[in-house]
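These notes are about the structure you will find just below.
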Amino acid sequence: PEFRALRSLQHNRKIVIGPADKVSSIVIMDRDNYITEGHRQLGNSSHYRKTDVPTHPDIKARYNAILNKIHSKKLIKEKELDYLSVSDSPRDRQFYMLPKIHKNRDTWTNPNTPPGRPIVSDCDSDTYRIAEYVDHYLYPLATKHPSYIKDTPDFLNRLSNITTDSQSYLITLDVESLYTNIDNQAGIHAVRNAFQNSPQPDRPQEIIRLLALMLKNNDFMFDDEWYLQIGGTAMGKKFAPNYANIFMAQWESEALDKCPKKPQCFF
């Protein structure tokens, strides 16, 4: 009976079943409400634009030309070029959401549907492997800044070496919707600065061009319609976490420089 019940739920087109955001739970949602939440987010004209057709078929030649140039400089081998080159039939990117059931219900736009964390599935897309390649060069720089914390034990270890007084406060800050709110030009500028501050002879200059192309041409489908992300990056891109870290490292450094009063420590 349990197996039959699960099968019946799996094929029920009136509901959406998926994991929750930040919580180890499975959520069952009304499909119409889920789609309404998706269209609400995609209606943000600062981040997304609806398109009649996908854009990625027209960009294939540009990606492959850049990769061929890197190969001509002997910075990637023939097998690596074949691995990275855009195929003739890539998988279309798909937009989906992880329901934020940990958010207070009073903050929900729709009282019957939790807000969703937007994800753009990039698996086997035209740039899935190129994003891995770019991330290979971003990762080492994303962990170099002084405020970087690897994990909870690292944070606790740092705190154990700090002496405070009764006037000290522990404060946490959060950037809302960080990935989509990173201005593309500002993000690329931060990566370029990180490259200049940490030169690497075998790092292709074309990495910046590949990154810029991916940020500008992140198209995807939702509810049988095509969209283009015109601002920020998306969760689902391999390079997104390290790209965001590099951007925030520069942003926080510039912000702290302007502060007349500095925190005792900042992580």
Side-chain angles (χ1 to χ4, degrees), residues 18-22 38 41-42 44 46-49 54-56 59 63 66-67 83-84 86 90-100 115-145 147-151 173-195 198 203-204 206-222 227-253:
D21 179 55
K22 295 186 178 180
Q41 295 198 25
L42 295 173
N44 186 329
S46 297
H47 299 154
Y48 307 105
R49 183 179 75 237
T55 60
H56 66 262
I59 311 298
Y63 283 121
I66 296 173
L67 294 171
Y83 177 81
L84 294 171
V86 178
R91 174 181 173 273
D92 295 333
R93 280 178 282 268
Q94 301 291 327
F95 176 93
Y96 67 96
M97 295 167 292
L98 300 180
K100 300 181 179 181
R117 182 178 299 279
I119 312 286
V120 178
S121 176
D122 201 41
C123 296
D124 295 327
S125 73
D126 58 331
T127 58
Y128 179 67
R129 294 176 176 178
I130 298 175
E132 286 184 317
Y133 177 62
V134 170
D135 190 56
H136 170 75
Y137 291 100
L138 298 189
Y139 172 72
L141 304 179
T143 61
K144 276 190 172 182
H145 55 94
S147 65
Y148 173 75
I149 296 173
K150 181 179 180 181
D151 50 26
L173 305 172
D174 180 48
V175 180
E176 184 175 352
S177 303
L178 171 60
Y179 286 14
T180 50
N181 281 318
I182 299 175
D183 176 80
N184 286 354
Q185 293 305 314
I188 292 170
H189 179 67
V191 172
R192 185 178 285 112
N193 285 344
F195 282 0
S198 299
R203 180 173 58 219
E206 290 79 8
I207 293 296
I208 296 290
R209 291 178 59 194
L210 291 172
L211 175 61
L213 266 181
M214 285 188 284
L215 291 172
K216 188 178 180 180
N217 297 281
N218 193 43
D219 61 358
F220 56 85
M221 289 193 74
F222 178 75
Y227 291 85
L228 180 67
Q229 183 160 3
I230 58 176
T233 187
M235 291 193 72
K237 278 290 186 189
K238 182 70 174 178
F239 61 75
N242 292 316
Y243 170 73
N245 277 348
I246 290 172
F247 169 77
M248 284 303 301
Q250 175 166 303
W251 184 91
E252 69 189 24
S253 176

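Start at 1 with the first residue, then count along the sequence.
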Worked verdict on I207 versus Y133 for side-chain contact (heavy atoms from CB on, under 4.5 Å): CA-CA 9 Å; I207 293 296; Y133 177 62; 3.5 Å; yes

Between [X] and [Y], does any side-chain donor sit less than 3.5 Å from a side-chain acceptor?
X    : Y    : value
Q250 : N193 : yes
Y83  : E132 : yes
D219 : H56  : yes

Quick check: does any side chain N or O of [X] sit under 3.5 Å from a backbone N or O of [Y], one acting as donor and the other as acceptor?
X    : Y    : value
H47  : G231 : no
N242 : A142 : no
R117 : P99  : no
N217 : L213 : yes

K237 vs T127, side-chain contact (heavy atoms from CB on, under 4.5 Å): CA-CA, chis, key distance, verdict: CA-CA 9 Å; K237 278 290 186 189; T127 58; 2.7 Å; yes

Taking C-beta and beyond as the side chain, do [X] and [Y] meet within less than 4.5 Å on heavy atoms?
X    : Y    : answer
I119 : M97  : no
S253 : H145 : no
Y63  : L84  : no
V191 : F247 : no
T143 : K150 : no
L98  : P19  : yes
Y48  : L228 : no

Value rounded to 0.5 Å, distance of [atom1] in [X] from [atom2] in [Y]:
X    : Y    : atom1 : atom2 : answer
R129 : L67  : CZ    : CG    : 12.0 Å
D135 : I130 : CG    : CD1   : 13.5 Å
R93  : N218 : CZ    : CG    : 5.0 Å
I230 : S46  : CD1   : OG    : 7.0 Å
I246 : L138 : CD1   : CG    : 4.5 Å
L178 : E176 : CG    : CD    : 11.0 Å

Cationic N near anionic O, under 4.0 Å, K100 to D21: no

Basic-acidic side-chain contact under 4.0 Å: D122, R91: no

Please report the closest heavy-atom contact between [X] and [Y], naming both atoms and the distance.
X    : Y    : result
L141 : S198 : CD2-CB, 3.5 Å
G187 : I182 : CA-CG2, 4.0 Å
P118 : F95  : CB-CE1, 3.6 Å
Y128 : C123 : CD1-CA, 3.8 Å
Y96  : S121 : CE2-CB, 4.0 Å
A234 : V120 : CB-CG2, 3.8 Å

Over 12 non-hydrogen atoms of neighbours within 6.0 angstrom of CZ in R49: no

Within 6.0 Å of CZ in F195, more than 12 heavy atoms from elsewhere: yes

Step-by-step side-chain contact (heavy atoms from CB on, under 4.5 Å) determination, D183 to H189: CA-CA 10 Å; D183 176 80; H189 179 67; over 6 Å; no

side-chain contact (heavy atoms from CB on, under 4.5 Å) between T233 and F239, worked out: CA-CA 9 Å; T233 187; F239 61 75; 3.7 Å; yes

Aromatic ring pairing F220/Y227, orientation class (parallel under 30°, perpendicular over 60°, tilted between): parallel

Test applied, side chain to side chain contact (heavy atoms under 4.5 Å, CB included); reference residue, V134; option that passes from E206, M214, K238: M214

